[in-house]
2 protein chains.
Amino acid sequence: MRFKVDGRGMGAQRQKPDRHQEILDAAAQVITDRGLAETRISDIAERAGVSPGLILYYFESKDRLLSEALSFANDQFYLRLSREVRRIPSAKEQLMRLIDLSVPGLLPEYGRLDEWALWIEVWTRALHNEKMARDRETLDKRWRDSIADIIRTGQKNGEFPEGDADELALRIGALIDGLAIQVVMNDSEVTPHRMRQTVLEMAAKEIGFEVSRQELGAGAKS
Amino acid sequence: MRFKVDGRGMGAQRQKPDRHQEILDAAAQVITDRGLAETRISDIAERAGVSPGLILYYFESKDRLLSEALSFANDQFYLRLSREVRRIPSAKEQLMRLIDLSVPGLLPEYGRLDEWALWIEVWTRALHNEKMARDRETLDKRWRDSIADIIRTGQKNGEFPEGDADELALRIGALIDGLAIQVVMNDSEVTPHRMRQTVLEMAAKEIGFEVSRQELGAGAKS
DNA sequence: TCTGTTCCTGAACAGCCAGTCAAGTCGGTG
DNA sequence: CACCGACTTGACTGGCTGTTCAGGAACAGA
């Protein structure tokens, strides 16, 4: 039961690739395009360019690996989002950026639809797996909190009127989830652009700020 | 490749149980409590009280069976919902009933959380299965349409002000989806009661009707 | 160079499960 | 009763895949 705790402490880690990380990445990719149910250890090994045996050398079981991969990938998304948002001064702009980043496939450079596909796999797994259920709740709370934080920021600096930031965040978060499902499924009636517009309008109405026609249409054509 | 087309045409079908139906029911139950990934043909057979071989006698493959079971179960929910709603005269009452039926676990006699769990499995499957993706879109459109129909009814008879019924239905439907996910996952911050209240408030605000304090709290305590 | 540890491989193993099949039951029909 | 077709069983099989393992490569320290 050997374990590689971390790459820490040996200085030159440029040569030695971080297998742990690489395997998690490969796993997330495979899960994204084949689906959790169709993901085999050998697929992950192939994608990572190693032998199947090595996967089990680093992770004690397939189940563990999959769980870690899902949490890991969702973490990535969250980190990128909060890093990006933090550098924007205006709360309204922050919120608009958050929305853009949440619409599957809206921004070509980011939205590879990946995150949402993984997120749905998390839901399915959480339904019958206690640990995954706890993870999901934590991740989701963090997601709502980052929306609520933006709202509170805006309320403090006068951009938004007063109101229950947590309740508002719940509403906007849920709306995003619900719409994202349809967009990620390629529903012909719910395009990324329409989703963006709908979320933005409702957020504006609920929170209480103005959106110009130009801002509404900024995401794509029309 | 024998096939039992239907029980039609032999009069006494009380004795002969409808295996097709029974198996679909059993499958939906098993999927609900074990999850699609953990569902074996033998589990379904056991639940239905028949031998595993018989399952494959009625369905050409496990895959077909599972697909049919998912669509079938979601159909059931929709039928029950529209049957119930149709007998209510007021559009506002119709909408409130629809909301109550949609909140997982709110009504003890109905909401066994089942439908939502199955619905999430459909999403996962639709992500990588073309046929399932089409089915989902159809089912989802029907769901949005039934909300839109209620809104249009209310607009025609003067209960609700004018407005784009389809857009409103999209918003309310998405909100319900997003919140239901959290409720069905037992998120400690999103209770069935809170979901009911949130959806009702937003629907009232968006569509443009009044809800009394009493109506808001009708679902449960508080 | 020698040695011990870590990393890595590919083959082998073992369990599981969808799907097949030979055989049997049951109900109706002539 | 004899026959026939639909229905049902449960044992079997063939393939797949998670996991183990014996051994080899790479590398560091002495």
salt_bridge(A:E167, A:R171) N-O dist < 4.0 Å: yes

Among the nucleotides D:dT19, D:dT9, C:dG19, whichever has the atom closest to the side chain of A:I41 is D:dT19

Rounded to whole Å, the CD-P distance (A:E60 to D:dG18) equals 16 Å

Considering only heavy side-chain atoms of B:Y58, the closest of D:dT9, D:dT19, D:dT8 is D:dT8

Between CD1 of A:I23 and P of D:dG18 the distance, given in whole Å, is 14 Å

Please check the phosphate of D:dC7 (OP1 and OP2 only) for any side-chain N or O of B:Y57 closer than 4.0 Å. yes

Rounded to whole Å, CD of A:E22 lies from P of C:dC8 at a distance of 9 Å

Taking C:dC8, D:dT8, D:dT20 as options, the one with an atom nearest any side-chain atom of B:S51 is D:dT8

Between CG of B:L66 and P of C:dA18 the distance, given in whole Å, is 9 Å

From NE2 of A:H20 across to P of C:dT6 the rounded distance in Å is 15 Å

Out of C:dG19, D:dT8, D:dT19, minimum distance to the side chain of A:K62 belongs to D:dT19

When rounded to whole Å, the CG to C1' distance for the pair B:L56 and D:dG14 reads 15 Å

To the nearest angstrom, the CD1-P distance between B:I55 and D:dG10 comes to 13 Å

Is A:R19 near enough to C:dC8 that one of its side-chain N or O atoms lies under 4.0 angstrom from OP1 or OP2? yes

ask   = Hey, does B:L54 reach any base, or is it just sugar-phosphate, or nothing, if we go heavy atoms under 4.0 Å?
value = base

Notebook entry, point to check: Do B:D135 and B:L70 come within less than 4.5 Å of each other through their side chains, counting heavy atoms only?
Noted result: no

Whole-Å distance, A:E46 CD to C:dC8 P, equals 18 Å

Smallest heavy-atom separation, B:L118 atom then B:A28 atom, equals CD2-O, 4.1 Å

Subject >> Lys/Arg-Asp/Glu bridge criterion (N-O < 4.0 Å) met for B:K131, B:D63 >> reply: no

inquiry  = Tell me if a side-chain donor or acceptor on B:E137 pairs with a main-chain N or O of A:S188 at a distance below 3.5 Å.
reply    = yes

